[in-house]
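Notes follow once the structure below has been shown.
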Amino acid sequence: MCGIVGYIGSKEKRGFLINGLKELEYRGYDSAGIAVLKDNEISSFKATGKLTNLDAKTADFSSEGFGLGIGHTRWATHGKPTEINAHPHWGEFSYVIHNGIIENYKEIKDTLVSDGVTFLSQTDTEVIVHLFEKFIKIGENAFSAFEKTIASLHGAYAILLISKKEPDVIFFAKNAVPLIVGRSAENEIFFSSSDAPLIGWAKEVMYLEDGQYGWAKCKELSLFKSLKTQALNFKALSQDKILAQKDGFRFFMEKEIYEQSIVVGETLMGRIKDNSIVLDELKDICFEDIDAIKICACGTSYHAALSASYMFERLSKIRCSVEIASEFRYKQPLLDTKTLFIVISQSGETADTLEALKMAKNANMKTLAICNVDNSSIVRTADFTLLTRAGIEKGVASTKAFATQVVTLWLLALFIGDKKQNISQELMRLEIDALLHTPLVVKVNEIVHEKIRRLSKRYLHGHGFFFIGRDIFFPLALEGALKLKEISYLHAEGYPAGEMKHGPIALADSELFTIALMPKTLLYDKMKSNVEELSARDSTILAISPEPFDIADDFIKTNLHTHPMSEFFEMMVITQLLALEISIRLGNDVDMPRNLAKSVTVE
Ligand code: AGP
């Protein structure tokens with residue numbers, strides 16, 4: 001989730017751009033840059049690391065008087081977090097910044113390179129500015145060149161482009177990634193990824209819709225979609241900055257639950273082509289030499305690992321074992337070089353996971369990190385990395401990071417199955433259909449959210465919760481229990497549903513709340529009998545299922561799906577919202593729960 005700001009007007013531009021990017025820091029980034037076009041000269045500055053580095057670099061730069069400015073904070077998805085890869089990217093006379101992922105950038109880049117264009121960066125973004133200038137050079141005017149460029153792009157983008165060809169115009173485009181246009185009483189024009197940077201500057205804003213693009217100059221703004229002019233739809237801008245950073249949600253965790261639909265889409269971007277999985281990051285791994293997988297992680301990432309173990313054995317047809325990193329480190333494990341060692345970590349800094357990774361490296365195993373933060377310690381240590389692309393996760397209780405980890409692991413399971421020729425084309429088609437359906441499945445249904453908010457009042461006491469599920473719904477039950485524990489401080493345990501009669505059912509009574517994950521695609525009848533056992537002992541049951549279950553005290557209806565992972569992700573959102581609403585009713589700090597840290601960098 002990069003950040004974008006833009007400005008057209010006569011005020012000093014460096015200050016607006018840098019301060020605007022600071023308001024977007026909460027979105028996470030690893031590098032930043034600005035460009036200012038004034039008196040037909042473009043000045044550009046870029047820096048890796050924190051914005052203070054860019055601030056220092058531009059300390060002697062000032063730009064009073066009419067001009068254009070664009071600024072960008074980058075969260076690496078293509079190419080390492082380096083100054084070269086930081087935005088803006090430039091051609092001969094134009095500069096561009098971009099948030100999102102250009103799915104077809106490689107085809108475009110190959111064509112441009114064959115035309116003789118020299119690329120400086122590893123990013124997908126750079127193709128935009130070179131394509132724009134290519135159209136200019138064959139005679140198109142600037143806006144037509146921009147229009148043709150945007151029409152050539154597939155994927156998610158929020159783009160600002162400035163060019164000496166039109167020194168008082170900013171070209172913009174938006175698809176699947178937020179981009180806001182603002183304007184002031186003095187006819188200045190602003191752009192931003194969210195409201196926060198515009199507060200105190202813009203009087204009114206317009207939230208661009210997917211597929212919209214156009215050009216802006218002082219006092220004039222033209223908006224188009226599919227070549228047709230669009231009406232401008234400005235409205236007054238709220239002045240509450242903190243609310244703006246949370247995009248109007250009550251907590252960052254709530255915002256991140258709602259963001260899952262967008263970020264899961266970005267996790268998939270560019271990784272599915274026709275009926276196959278494309279993971280260029282792994283092109284140098286020889287899977288013929290791999291006959292097993294071992295995954296190491298902690299907490300929520302461990303639950304993602306457990307979920308993946310079912311997929312590796314079922315889809316890739318490769319043995320998979322999963323270890324909690326803090327246990328793995330001291331058990332004197334038997335390791336062999338024919339096992340692919342995978343670590344999963346949102347932060348990339350978890351001490352136990354990092355040390356487990358080092359143990360695998362010392363045993364000469366091939367190591368792969370599934371991580372959300374490029375250039376983190378775990379990424380820098382692993383041989384290979386797949387980034388989950390969740391963007392920054394502010395809530396200590398992990399939500400979108402978990403969702404994108406499981407999606408990334410699902411992609412990997414299919415990729416390995418294909419490499420080892422263990423997956424038929426027909427099965428691959430079914431799996432890819434379900435994968436592509438996931439962004440829609442994790443989109444929050446606000447009616448369901450409201451129902452969860454209402455019923456959460458019944459779950460504020462009792463002596464504990466069982467979250468129960470079978471197969472892949474067992475790790476999901478563990479994850480649901482952890483979510484609830486860490487933000488409500490109520491006791492909750494996740495259990496394989498078949499384990500009840502081996503002891504836990506002794507706890508069953510009306511004050512024990514059972515959250516039963518009852519998918520229709522997997523072992524429904526087995527689950528039904530497990531829940532009946534608990535109900536017979538008077539446990540209070542909340543059933544989550546596509547099929548009404550009359551002995552449940554509460555029931556949340558889910559959709560009928562053809563694939564178990566679709567049920568998995570829909571129930572994941574419900575358990576996340578349940579934990580959120582119970583915690584809110586208890587008056588807890590959802591984003592910063594007691595005793596917890598976002599990244600556990602100590603043993
Ligand atoms: C998740 O809700 C927890 N905050 C915690 O269990 C977390 O998943 C664990 O500490 C691992 O962190 P990592 O993914 O950054 O390695």
Side-chain angles (χ1 to χ4, degrees), residues 28 251-257 259-260 263 267 295-308 322-329 341-358 360 367-382 385-409 467 475-490 492-494 572-573 575-580 582-583 588-603:
F251 292 98
F252 280 109
M253 181 182 172
E254 184 179 32
K255 170 174 173 278
E256 287 151 9
I257 291 170
E259 267 175 1
Q260 289 179 134
V263 296
T267 305
I295 316 178
C296 237
C298 302
T300 285
S301 298
Y302 168 69
H303 300 152
L306 282 177
S307 307
V322 182
E323 312 252 7
I324 289 176
S326 56
E327 285 299 303
F328 175 80
R329 288 181 64 188
F341 192 86
I342 299 175
V343 287
I344 304 172
S345 177
Q346 187 285 130
S347 62
E349 300 300 343
T350 301
D352 285 322
T353 308
L354 178 59
E355 291 309 314
L357 174 59
K358 289 175 183 172
T367 58
L368 165 62
I370 308 290
C371 188
N372 192 37
V373 181
D374 203 350
N375 251 11
S376 58
S377 303
I378 284 175
V379 166
R380 282 183 281 111
T381 305
T385 293
L386 283 177
L387 292 176
T388 52
R389 302 175 181 169
I392 191 166
E393 187 173 68
K394 304 277 289 181
V396 166
S398 191
T399 51
K400 63 176 184 170
F402 173 72
T404 55
Q405 285 169 350
V406 177
V407 168
T408 304
L409 288 156
F467 284 70
L476 187 59
L478 291 174
E479 176 56 14
L482 177 62
K483 273 312 73 80
L484 183 64
K485 265 191 286 239
E486 59 181 331
I487 63 175
S488 73
Y489 317 144
L490 297 173
E493 291 183 72
M572 173 196 75
V573 174
T575 55
Q576 291 168 343
L577 293 172
L578 181 64
L580 171 82
I582 289 173
S583 175
N588 294 349
D589 182 343
V590 170
D591 288 332
M592 301 286 287
R594 69 184 184 192
N595 310 337
L596 298 182
K598 185 58 188 170
S599 177
V600 182
T601 55
V602 293
E603 283 205 29

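Not measured: the values here are computed from a predicted model. If you read the sequence from its start, that first residue is 1, and numbering goes on from there. Counting starts at 1 for both ligands and their atoms, following the listed order.
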Side-chain donor-acceptor contact under 3.5 Å, [X] with [Y]:
X: Thr399; Y: Gln260; value: no
X: Gln346; Y: Ser301; value: no
X: Lys400; Y: Thr388; value: no

Charged N-O contact under 4.0 Å between Asp591 and Lys394: no
Pairwise distance CE(Met253) to OG(Ser398) - rounded to 0.5 angstrom: 9.0 Å
Whether Thr353 side chain and Glu349 backbone form a donor-acceptor pair below 3.5 Å: no
Within the protein, residues bringing a heavy atom under 4.0 Å of ligand 1, chain by chain: Cys298, Gly299, Thr300, Ser301, Ser345, Gln346, Ser347, Thr350, Val396, Ala397, Ser398, Leu482, Lys483, Glu486, Val600
